[in-house]
Amino acid sequence: MEKSAIKKGKLSEQKLVELYGSDTQKKSYLENGHFVGANKKTLLNKVSRYCNIEDLGNRTYRITNVYKYPLPANFNKMNQSLYQYIVPLLLTNLINGHDEYNKIDITVGKWAREINMVNRNYNLVKYNREDASRETQYSINAINEFYDKADDMIDWYITNALDYLKSAGLIIWREVHRVNEEVSSGENVIDANGNINVDISINSHQASEEEMEYYSQCIAIADKIAQIENASERYYSKKSKQFGEVLKRELYKKKIKCVYKTYEAYYVNLDKCKFVLNQFGEFNTDNLIGEFNREFTNMIVGNAEKRFEKYPDRYLFYAAKDDYTLCFQGLCEITVDKDTEYLGSRIREKTINDEYTLQITPSKKG
C-alpha cells in the first residue's frame, strides 16, 4: 500500500475495500456484499499502519490523520508484555543518548538497573549472596535459582526488543565482549613513610580475538579446577565461588579485571525512531516504572508456580507450592520493586573501584 493513496475524510466500507483491500478481499466483498471472517480486522490493521482510522458504524469510516511514516508491521508486538515498556525506553535512550557513531552501548545488567527494570538491591544481593542469605533468611539455593531465572528473563526480553526494532528497520545491533584491563601510568611516587604509590587506571575496550582466546582458556582452567559440568554451574551452584576465584586469578595474569558481554545498537533513521516512539503516547515515567516492576514480578512468580507444578520432585524441601512462590515474591520485592529501600547498610557490599591508586609497602629488613 502506498502512503500517497491514503486521504483524510469519510468513506464507505465498500470504498475502503476498493481503495485499500487486497484482490482476495475485494473479490470476497463483491461476492458477499460484506466482510467475511477476519477480513475486516485484517484490512483495518493494514490501513492502521498508515493512518488513524475510526469505525463510525453503519459501514462508515473516517481517516483523521495520515502518518509521516508507516508503523512497523510488528508494532502490535512492541505493545505487548514487557516490550511495551522496554521498546520505548530503548528508543528514548537511543534518541537522547547516542554517540557520534549513532550508537548506544547496552550492558544488560547495568541497563536493566538504569531503566528501573530492577532496583539497586539487585546487584547488591547478586554479588553478596551469602550475606544476603543470612540477612533475608532465604536459602542460597533459592537465591541462586532466582538469579538464574531473572537474569535469563532480562536478557531474553532486551534482546527480543532489539530484534523487534531491527525487524522494523529502525536499528542494527550486535553482541560484543568488552575487557576491563588494568593499566599502569608508570609513574611511581614514594611518600615520606616509604610507601610506593603506583597510579593505575582501568582501560575498557572491545575484546580482541587474542583476548577472547585467552578468556576461553581461562574458563577452561577454572572449569577443570572447580569440576564444572555445565555452564549454569559456573554461576549458580556451590562450585561457582571457586570457579569465579580461579577465573579471576587466571585473567589477572594478563592484568584483565573482567570480561563482560554488551550490546551495541545503532539507529538507521533517527526521524523514524522518533516517530515510532511518539506512537507509544505520552507516559508518566514513575507510573511506567511501577507497572514495569509489577509485570516483571508477576512473570517471575508465575513461572515459579509453573515450575513447581511441572517438576514437584525438584522442590521437596519446600512444604508447599506457596512456600516456594512466596520466596520468589519476597526476592522480587527486595530486588525489583522501585520503592524498596537500599539494603547496603545491612548487606556487606563488595565493590570494585575502577580508578584507584595501588599502595605498596616494602618490607623493612633490620
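Computed from a predicted model, the values in this text were never measured in an experiment. Just so it is clear, the values below take in all heavy atoms, side chains as well, and ignore hydrogens, waters and symmetry mates.
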Regarding [X] and [Y], do their side chains bring together a donor and an acceptor under 3.5 Å, going by distance alone?
| X | Y | result |
| --- | --- | --- |
| Tyr324 | Gln329 | no |
| Thr262 | Asp105 | no |
| Arg129 | Asn144 | yes |

How about Glu295 and Met299: do any of their side-chain heavy atoms sit closer than 4.5 Å?
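Yes. Closest side-chain heavy atoms under 4.5 Å.
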Per the salt bridge (charged side-chain N to carboxylate O under 4.0 Å, His left out) rule, which among Lys40, Lys41, Lys10 passes with Asp55?
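In the set Lys40, Lys41, Lys10, the residue that makes a salt bridge (charged side-chain N to carboxylate O under 4.0 Å, His left out) with Asp55 is Lys40.
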Would you say the ring centroid of [X] lies under 6.0 angstrom from that of [Y]?
| X | Y | result |
| --- | --- | --- |
| Tyr83 | Tyr157 | yes |
| Tyr122 | Tyr147 | yes |
| Tyr101 | Tyr267 | no |
| Phe308 | Tyr315 | yes |

Could you check whether Lys46 makes a cation-pi contact with Tyr20, meaning its NZ or CZ is under 6.0 Å from the centre of the six-membered ring and within 45° of the ring axis?
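Geometry flag: not set, cation outside 6.0 Å or 45°.
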Cation over ring face, Arg307 and Phe328, 6.0 Å, 45°:
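Yes.
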Verify the cluster assignment for Ile172 and Ile95: are they in a single hydrophobic cluster under the rule of side-chain heavy atoms below 4.5 Å apart?
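No, because Ile172 and Ile95 fall into different hydrophobic clusters, even though each may have its own neighbours under 4.5 Å.
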Given Glu211, which of Lys254, Gln206, His205 fulfils the side-chain hydrogen bond (donor to acceptor under 3.5 Å, both in side chains) condition?
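With Glu211 as partner, Lys254, Gln206, His205 yield a single side-chain hydrogen bond (donor to acceptor under 3.5 Å, both in side chains), made by His205.
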Using 4.0 Å as the upper bound for N to carboxylate O, is an ion pair formed by Asp163 and Lys166?
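Between Asp163 and Lys166 there is no salt bridge, as every charged N stays at least 4.0 Å from the carboxylate O atoms.
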